[in-house]
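Only this structure's heavy atoms are used, side chains among them; waters, hydrogens and symmetry mates stay out. Since we're looking at a predicted model, the values are computed, not measured.
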Amino acid sequence: QVHVVESGGGSAQTGGSLRLSCNSPRRTFSNNGVAWFRQAPGKEREIVAAISWKGDSTYVADSVKGRFTISRDNAKNTVYLQMNSLKSEDTAVYYCAVARSSTVATRASSFQYWGQGTQVTVSS
């Protein structure tokens with residue numbers, strides 16, 4: 001079963017930009033918050049950014065604040081992560097997750113559906 005699909009990953013140079021997309025069926029996406037997590041080799045999965053169902057509330061991790069922006073287009077059942085000023089430390093597999101409620105969530109236990117992940121590699 002495929003409920004969440006990420007796309008837009010790839011390689012970029014330090015200082016460059018990428019935009020990730022997260023798409024899911026309407027029945028999965030509707031009325032729920034969504035978040036992006038990432039996991040680098042040897043590190044635990046960490047929250048990157050999250051957004052409420054209405055898009056009126058967001059969370060952005062300190063490590064990416066000022067560089068990454070999360071947004072959503074509910075008509076397209078899609079959430080975006082715009083990543084600017086990329087650093088080598090941003091290299092990781094990025095996962096999109098759909099929460100159990102309409103509010104902003106940042107704990108892994110708050111999410112009911114997860115995508116397969118998309119690789120982001122930033123090189124100098």
Side-chain angles (χ1 to χ4, degrees):
Q1 296 181 345
V2 179
H3 297 286
V4 182
V5 179
E6 304 99 332
S7 62
S11 62
Q13 294 291 314
T14 297
S17 298
L18 287 172
R19 186 180 70 175
L20 305 184
S21 297
C22 174
N23 182 261
S24 65
R26 188 68 173 177
R27 62 185 178 275
T28 299
F29 195 79
S30 183
N31 297 308
N32 293 323
V34 176
W36 288 94
F37 292 79
R38 68 184 182 186
Q39 186 166 23
K43 298 185 65 178
E44 291 188 336
R45 187 175 301 176
E46 63 178 350
I47 182 71
V48 177
I51 189 167
S52 65
W53 161 244
K54 294 181 180 179
D56 58 347
S57 183
T58 61
Y59 166 86
V60 182
D62 288 341
S63 60
V64 303
K65 192 169 296 182
R67 300 187 298 119
F68 291 11
T69 302
I70 188 169
S71 62
R72 68 190 300 164
D73 184 343
N74 289 346
K76 296 182 178 180
N77 304 321
T78 301
V79 169
Y80 303 97
L81 183 68
Q82 179 66 48
M83 306 185 294
N84 298 327
S85 302
L86 285 164
K87 304 176 180 179
S88 295
E89 304 94 279
D90 296 319
T91 295
V93 176
Y94 284 70
Y95 299 90
C96 180
V98 180
R100 303 178 187 274
S101 72
S102 64
T103 60
V104 169
T106 59
R107 304 292 184 181
S109 60
S110 298
F111 297 85
Q112 59 181 318
Y113 298 112
W114 292 78
Q116 76 285 355
T118 185
Q119 176 71 230
V120 170
T121 302
V122 184
S123 60
S124 59

[X] and [Y]: which non-hydrogen atoms are nearest, and at how many Å?
X: Thr14; Y: Ser88; value: OG1-OG, 3.8 Å
X: Ala50; Y: Ala35; value: CB-CB, 3.7 Å
X: Glu46; Y: Lys43; value: OE2-NZ, 4.4 Å

Where the side chain of [X] meets the backbone of [Y], is there a donor-acceptor pair that is under 3.5 Å apart?
X: Gln116; Y: Val5; value: no
X: Glu6; Y: Gly117; value: yes
X: Asn74; Y: Ser30; value: no
X: Asn31; Y: Trp53; value: no
X: Ser85; Y: Arg67; value: no

Check against ring-ring contact (aromatic ring centres under 6.0 Å, His included), Trp114 and Phe37: CA-CA 10 Å; Trp114 292 78; Phe37 292 79; 4.9 Å; yes
Separation between [atom1] of [X] and [atom2] of [Y], rounded to the nearest 0.5 Å:
X: Tyr80; Y: Ser7; atom1: OH; atom2: OG; result: 9.0 Å
X: Ile70; Y: Gln82; atom1: CD1; atom2: CD; result: 12.0 Å
X: Thr103; Y: Asn32; atom1: OG1; atom2: CG; result: 9.5 Å
X: Phe111; Y: Ile47; atom1: CZ; atom2: CD1; result: 5.5 Å
X: Asn23; Y: Thr78; atom1: CG; atom2: OG1; result: 4.0 Å
X: Cys96; Y: His3; atom1: SG; atom2: NE2; result: 13.5 Å

Answer with yes or no whether the hydrophobic clustering places [X] together with [Y]; edges join I, L, V, M, F, W, Y residues whose side-chain heavy atoms lie under 4.5 Å apart.
X: Leu81; Y: Phe29; result: yes
X: Phe68; Y: Val122; result: yes
X: Leu20; Y: Val98; result: yes
X: Tyr95; Y: Val104; result: yes
X: Val34; Y: Val120; result: yes

Between Asn77 and Ser24, a side-chain donor and acceptor under 3.5 Å: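 Looking only at side-chain atoms, Ser24 and Asn77 do not form any donor-acceptor pair under 3.5 Å.
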Under 3.5 Å side-chain donor-acceptor pair for Gln13 and Ser123: yes
Do [X] and [Y] touch side chain to side chain, with heavy atoms closer than 4.5 Å?
X: Ser63; Y: Arg38; result: yes
X: Ser52; Y: Asp56; result: yes
X: Met83; Y: Asp90; result: no

Pairing of Lys65 and Asp62 as salt bridge, 4.0 angstrom limit: yes
Arg107 atom CZ, over 12 foreign heavy atoms within 6.0 Å: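 Not more than 12 within 6.0 Å, no.
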